[in-house]
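Reminder, nothing fancy here: chain letters follow the sequence lines and each chain counts from 1. These values consider heavy atoms only, across backbone and side chains, with no hydrogens, waters or symmetry-generated copies.
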Protein chains: 2
Amino acid sequence: MKLTSKGRYAVMALVDLARFDTINPVSLRDISLRQGISLDYLEQIFSKLKKNQIVKSTRGTQGGYVLSKKPNEIKLTNIFNAVDEKVKTVQCKKESKKGCNGKATKCVTHNLWDELETHINTFFEKKSLEDLLKNNSERVN
Amino acid sequence: MKLTSKGRYAVMALVDLARFDTINPVSLRDISLRQGISLDYLEQIFSKLKKNQIVKSTRGTQGGYVLSKKPNEIKLTNIFNAVDEKVKTVQCKKESKKGCNGKATKCVTHNLWDELETHINTFFEKKSLEDLLKNNSERVN
DNA sequence: TCTAAACTTGACCAATTTAGTCAGGTATGT
DNA sequence: ACATACCTGACTAAATTGGTCAAGTTTAGA
C-alpha cells in the first residue's frame, strides 16, 4: 500500500496557493519555484483541480490561480478525488471460482477492505486546507 | 494510494489456515485450491510469514503450515509488515532545495502524512485474525 | 530404501503505474 | 504585438506488481 506523490503535490501546491492568493492570482511558475515541483507536472495537476472547481484561473500576464472556495471548505478528500488519488483496494476477481463476487459468498477479506477504506476516507473528510495552514503558519518556509 | 494483492492474499491464506490447522498442518496446495491463489506465489508469501514467526512449517508428506500463535495474537499489522506491505507515504526528497529534510523546515505535508500513517496503522493494530474468523464463521466457503 | 509430497530459494518477466518531460498550442494584460 | 501564463495531449523511463519457472532440499510413509 502506498501513497503517491501526485496527491501530496496537490496538497502542497494548494497550501502554497492559500497562503499567497489573498491579493493577486498566483502563477504556477511561482509555486513551482517555491515548492520544487516541475511546472509541467503542476499544470497537469491544476487542470484537474480546475475541472473539480477547487481553483479558478486567470489568463494573461499577471494571471494565475486562486482558490475557488475558502480553505475550511476544501477537504482533503476533495483534493485527492480531483487528482484521481483514490484509496483503491485491490478488487477481488469476479471471475475467480473461489473468489469474491460481491454477493453472498464474499471472500474473507472483503468486509475488511471496505472497513479500511471507510476508515481512511473519514480521515481525509475531516481534514481541510485550513487545518494544514494552521499547523504550518508559525513556520517560515 | 492503493492496497496491493500481496497483503490481501496473506490475510486470506492465514484465515484459511486458522480454520483448518486444528488437527494437521495445512499444505499450501490445499490453500491454493481453496483460495484460488497461485501456489508459487503462496510460497513466496509464506516464506516471509515464516521468517516473521507467524507460521511454522513441517516438511515431508503430510507436512504443511500451522499458525505459530493464537489467532487473537496475530494482528493484521504483523501480517502486513511480514509481507512488506507497508503503509509507505512517498518520502519527501532530502536533496530538494525547498523540500522537506525531516528537521526544522518540514514541508507542509510532512505532519499530515505522519498522522495518516498512524491512523491507518492503528486500524491494523486493532484487528486480529480472530476478528476476521468471527466475521466469517457463519458462512460456508 | 526409495520416492513422492511438500517446503525452500532465487532468478526471471510481462503488464501496469508513476512521475514526470516535451511540444505545441490559446488567451490576455500591458 | 508580444511576453506571460494557462491549456492539452502525446510520449517515456523507471519502478512496482503479480506472478512464473527452475532447481533444489527434506522427510513421511510404502
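An OP1 or OP2 oxygen of C/dC7 is reached within less than 4.0 angstrom by no side-chain nitrogen or oxygen of B/Ser57. Phosphate proximity of D/dA5 to A/Tyr65: absent, as no side-chain N or O sits under 4.0 Å from OP1 or OP2.
Residues B/Phe123 and A/Leu112 meet the side-chain proximity criterion, which asks for heavy atoms closer than 4.5 Å. Counting only heavy atoms from C-beta outward, the side chains of B/Ile31 and B/Leu17 approach each other to under 4.5 Å.
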Pairs under 3.5 angstrom only: tabulate donor-acceptor contacts from the side chains of residues 54-70 of chain B to other protein residues two or more places apart or in another chain.
| from | atom 1 | to | atom 2 | distance (Å) |
| --- | --- | --- | --- | --- |
| B/Ser57 | OG | B/Lys50 | NZ | 3.0 |
| B/Ser68 | OG | B/Gln53 | O | 2.5 |
| B/Ser68 | OG | B/Ile54 | O | 3.0 |

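To the nearest angstrom, P of D/dA5 lies 15 Å from CG of A/Leu17.
Considering only residues two or more places apart in sequence or on other chains, B/Glu43 meets the side chain to side chain contact (heavy atoms under 4.5 Å, CB included) condition with B/Leu28, B/Leu39, B/Asp40. The side chain to side chain contact (heavy atoms under 4.5 Å, CB included) search around A/Thr122 returns A/Thr118, A/Lys126, not counting sequence neighbours. With sequence neighbours excluded, the residues satisfying side-chain hydrogen bond (donor to acceptor under 3.5 Å, both in side chains) with B/Glu115 are A/Lys127.
Judged by a 6.0 Å distance limit and a 45° cone about the ring axis, B/Arg8 is not positioned over the six-membered ring of B/Phe80.
Ring geometry, B/Tyr9 versus B/Tyr41: the interplanar angle exceeds 60°, so the pair is classed perpendicular (tilted spans 30 to 60°).
Ranking D/dC6, C/dA19, D/dG19 by closeness to the A/Ser5 side chain, first place goes to C/dA19.
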N/O-N/O pairs, protein side and nucleotides 27-30 of chain C side, under 3.5 Å:
| from | atom 1 | to | atom 2 | distance (Å) |
| --- | --- | --- | --- | --- |
| C/dA27 | O4' | A/Arg59 | NH1 | 2.2 |

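For the segment residues 38-51 of chain A, residues with any heavy atom less than 4.0 angstrom from an atom of DNA chain C are, sorted by number, A/Ser38, A/Asp40, A/Tyr41, A/Gln44.
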